[in-house]
Peer 1: 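My questions all concern the structure below.
We name chains A, B, ... by the order of the sequence lines, and we start the count at 1 in each one.
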Amino acid sequence: MTIEAILKEDIQKAIQTNFEIAADEILLQPTKKEFEGFYTFVTFTLTKTTRRSPVEIGQIIGNYLNENSRIVESFNVVQGFLNINLKDTTWLDLFGEIISDGSFGTFPSNGQSVMVEFSSPNTNKPLHLGHLRNNFLGDSLSKILKASGFDVVKTCLVNDRGIHICKSMLAYRELGGGETPESSGIKGDHLAGKYYVKFDVEYKKQIAELVAQGMSDEDAAKKAPWILEAQRLLLLWEKGDAETVALWQKMNNWVYQGFSVTYNKIGVNFDKTYYESNTYLLGKDIIEEGLKQNVFFKKEDNSVWIDLTEEGLDEKLVLRGDGTSVYITQDLGTTELKNSDFHNDRYLWVVGNEQDYHFKVLFGILKRLGRPYADGCFHISYGMVDLPSGKMKSREGTVVDADDLVDQMVKTAESRTQELGKIDDFASDEARKLYNQLALGALKYFLLKVDPKKRMLFNPEESIDFQGHTGPFIQYTYARIRSIARKAEQAGIAAVVPPATYQMHQAERELVFALAQYPTKVMAAANEFAPSIVSLYAFELAKVYNQFYAEVSIFSDPNPEAVQFRIALSSVVSETIRKALGLLGIEVPERM
RNA sequence: GGUUUCGUAGCUCAAUUGGAUAGAGCACCUGACUACGGAUCAGGAGGUUUGGGGUUCGAAUCCCUACGAGACCA
């Protein structure tokens with residue numbers, strides 16, 4: 001039973017015995033910094049039922065706790081707020097539990113499994129900053145869910161076919177001159193992206209020519225030779241034309257090689273990858289099934305629809321009149337496939353909030369179809385990463401490329417580290433590893449600290465910080481503690497929890513309090529699908545430790561109990577930082 | 001046109017889901033022991049939470065309205 005649970009129970013008893021009313025669930029909040037205490041109970045909620053003043057209620061409950069609770073040391077009442085202090089023995093017992101719990105913050109299996117689909121790139125362009133937010137969120141969420149007790153399957157659905165892929169194929173066929181990643185020295189995904197851009201340039205030129213000849217913009221966009229040819233390529237591909245398929249395979253393989261370099265660099269991987277080229281025909285049988293069940297209906301042009309107005313949505317097309325699929329058709333099929341492959345209890349999609357409506361429709365249809373897994377489907381909707389100029393647009397060249405950004409971060413980490421000159425004795429591969437850890441620590445933290453639902457801003461003019469509320473700040477705290485641990489080991493000082501007679505320092509109490517929050521934060525992050533909760537916690541813990549570090553002396557305290565205790569505290573803090581950052585996909589360095 | 005999300009310090013973000021005098025970081029000022037690592041710590045300044053109404057013991061949070069920004073559906 002946690003301290004908080006005991007305290008809530010004691011408050012409940014206080015209310016029952018003093019006011020003779022049944023108390024609902026007790027809500028506690030951490031006491032604000034400017035007041036004395038650790039936990040605060042708000043008494044306003046009881047004024048009506050008890051017909052007493054907020055202060056009076058606080059006094060009565062406080063007095064009861066003082067006399068009857070075995071964990072409460074003292075209290076004070078400010079207006080309607082009852083602030084509570086705990087006994088040192090309570091803190092010490094709590095810390096004793098934490099330090100002896102090898103799996104602190106990791107929950108036992110809950111017997112449920114969850115699939116997290118994320119990343120889901122297009123094979124016509126390299127990954128950019130927006131993909132990074134997606135990847136980091138998906139990866140971190142997977143780790144958080146695992147820590148909270150789920151079995152996790154990470155999947156990726158690659159968008160490897162369609163008209164956009166044919167565009168880059170066409171441009172390459174016409175303008176590529178047999179160029180390859182090897183011959184050009186260009187990474188495969190960037191090479192494909194280059195031809196996607198070239199297509200667009202040529203296409204625009206053709207439109208302009210047609211417009212100059214008197215055609216309307218709209219018609220010109222439909223009649224330009226290259227768009228017609230791209231459409232023809234798509235049909236050829238669908239028929240399995242050998243030459244087209246070969247070109248498609250060749251270019252896609254380049255892209256996959258490029259992607260794998262990037263995924264490797266950012267430390268992201270998947271248990272299973274689905275390819276749209278294998279799944280794009282799925283879903284049509286589900287449309288048939290839905291028609292029979294009268295979930296769907298046909299219009300005169302033979303197109304199939306669903307009426308979701310009862311759910312507050314519109315009528316929605318699920319199959320075109322000519323029998324071809326729309327996105328939702330494929331998604332229905334792919335979801336069915338995932339379920340028959342893995343039989344998970346939950347399915348998550350990490351996809352940008354521009355598709356909020358799409359997923360509402362998808363889940364609405366799954367419910368109407370009576371799919372048992374429909375209630376376990378969640379859209380992890382995240383906000384776009386904006387630039388100061390607005391949205392990233394590949395056609396306007398304002399896209400922040402993932403590879404470039406990571407490389408630039410590594411360089412910044414390198415120069416910053418060398419300025420400080422603390423690792424001059426490192427071997428070069430050791431140093432390179434450190435630069436990568438710091439670069440990714442800064443980048444991942446930057447993207448994960450913000451509530452996923454909110455859109456956020458990235459300014460390419462300002463490099464991502466290494467000081468203040470950043471990944472490296474937390475990594476630094478870890479490295480510094482490790483330095484202390486090495487010194488303690490050398491001096492033969494053990495980590496020991498002091499006896500009940502020990503007089504605690506306020507900074508020590510605050511540290512134990514901060515540590516005790518960790519499991520709650522992990523659970524909250526899992527429930528709310530929000531790695532930002534873990535991010536903010538890790539920062540808070542590091543900050544509390546740094547205050548402790550500045551305030552008390554660890555090695556030169558005359559009391560050996562204090563020294564041993566502080567070594568123990570430090571070591572648990574470093575472990576908790578390591579775990580918390582681990583949930584964000586961020587590694588910690590021993591030195592930096 | 002319909003639907004929807006958002007607007008918090010100069011900038012980037014918090015605010016325990018309706019609770020205290022709205023908090024951090026960056027940037028800007030002032031300080032820090034011969035200290036165990038200064039990528040740190042302590043302090044200062046910075047706010048009519050876009051404007052206006054309402055609900056109540058209490059609103060950044062809920063409702064209405066105006067303005068502004070984004071997204072989606074054709």
Peer 1: Can you measure A:Lys454 atom NZ to B:A71 atom P for me and round it to whole angstrom units?
Peer 2: 19 Å

Peer 1: Base, sugar-phosphate alone, or nothing: which one does A:Val42 contact when heavy atoms must sit under 4.0 Å apart?
Peer 2: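 Base contact.
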
Peer 1: Looking for any heavy atom pair under 4.0 Å, which part of the strands does A:Phe473 touch: base, sugar-phosphate only, or nothing?
Peer 2: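 Result for A:Phe473 = sugar-phosphate.
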
Peer 1: If you look at every strand shown and take non-hydrogen atoms under 4.0 Å, does A:Thr477 touch a base, only sugar-phosphate, or nothing?
Peer 2: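 No contact.
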
Peer 1: With the threshold set at 4.0 Å, does a side-chain nitrogen-carboxylate oxygen contact exist between A:Asp425 and A:Arg591?
Peer 2: yes

Peer 1: With both distances kept under 3.5 Å, what pairs with B:G47, Watson-Crick or G-U wobble?
Peer 2: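 B:G47 is unpaired by these criteria.
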
Peer 1: Hey, does A:Lys453 reach any base, or is it just sugar-phosphate, or nothing, if we go heavy atoms under 4.0 Å?
Peer 2: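 Result for A:Lys453 = nothing.
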
Peer 1: According to a strict under-4.0 Å criterion, is A:Lys422 in side-chain N/O contact with OP1 or OP2 of B:G37?
Peer 2: no

Peer 1: With centres under 5.5 Å and planes under 30° as the test, does A:Phe466 stack with B:A39?
Peer 2: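 It does not: the ring fails the test against the base of B:A39.
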
Peer 1: As a test of reading the structure: which of B:G19, B:G23, B:U40 is closest to the side chain of A:Glu34, going by heavy atoms?
Peer 2: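 Of the options given, the side chain of A:Glu34 lies nearest B:G23.
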
Peer 1: Looking at A:Asn83 and B:A20, is any side-chain donor or acceptor paired with a base atom of the opposite kind under 3.5 Å?
Peer 2: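 Such a pair exists between side chain and base.
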
Peer 1: For the side chain of A:Thr470 and the base of B:A39, is some donor closer than 3.5 Å to an acceptor across the two?
Peer 2: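 Such a pair does not exist between side chain and base.
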
Peer 1: So, do A:Phe473 and A:Phe539 have ring centers that fall under 6.0 Å from each other?
Peer 2: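 Judged by ring-centre distance (under 6.0 Å), A:Phe473 and A:Phe539 do meet the cut-off.
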
Peer 1: Contact class for A:Glu354 (heavy atom, under 4.0 Å): base, sugar-phosphate, or nothing?
Peer 2: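 Result for A:Glu354 = sugar-phosphate.
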
Peer 1: Find which nucleotide of RNA chain B each of A:Lys316 and A:Leu27 is nearest to by heavy atoms, and output the residue with the more 5' nucleotide.
Peer 2: A:Leu27

Peer 1: Looking at every strand, decide which applies to A:Ile484 at a 4.0 Å heavy-atom threshold: base, sugar-phosphate, or nothing.
Peer 2: sugar-phosphate

Peer 1: Does A:Lys391 or A:Glu528 map to a spot on RNA chain B nearer the 5' end, using the closest nucleotide for each?
Peer 2: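 The 5'-side residue here is A:Glu528.
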
Peer 1: Compare the minimum distances between each of B:A39, B:U40, B:C36 and the side chain of A:Tyr549, then state the nucleotide with the smallest one.
Peer 2: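 Nearest nucleotide to the side chain: B:C36.
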
Peer 1: Could you tell me which nucleotide pairs with B:C73 by Watson-Crick or G-U wobble geometry, both distances under 3.5 Å, or answer none if nothing does?
Peer 2: B:G1

Peer 1: Please determine if A:Glu419 and A:Arg416 form a salt bridge, counting it only when a charged side-chain N lies under 4.0 Å from a carboxylate O.
Peer 2: yes

Peer 1: Just compare B:A69, B:U40, B:U16 and give me whichever is closest to any side-chain atom of A:Arg455.
Peer 2: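 Nucleotide nearest to A:Arg455's side chain: B:A69.
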
Peer 1: Choosing from B:G25, B:A74, B:C36, which nucleotide comes nearest the side chain of A:Phe555?
Peer 2: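 Of the candidates, B:C36 comes closest.
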
Peer 1: Between A:Glu36 (CD) and B:A20 (P), how many Å, whole number?
Peer 2: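 Result: 19 Å.
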
Peer 1: Can you name the closest pair of heavy atoms from A:Lys8 and A:Ile26 and give their distance?
Peer 2: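 In this case the closest contact between A:Lys8 and A:Ile26 is CE-O, 3.4 Å.
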
Peer 1: May A:Phe44 be described as stacking on the base of B:G19, applying a 5.5 Å centroid limit and a 30° limit on plane angle?
Peer 2: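 Stacking between A:Phe44 and B:G19: present.
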
Peer 1: NA contact type, A:Ile554, heavy-atom cut-off 4.0 Å: base, sugar-phosphate, or nothing?
Peer 2: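 Base: the residue A:Ile554, judged by heavy atoms under 4.0 Å, touches a nucleobase.
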
Peer 1: Does the ring centre of A:Phe548 sit less than 6.0 Å away from the ring centre of A:Tyr545?
Peer 2: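 Yes, they do, as the ring centres are separated by less than 6.0 Å.
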
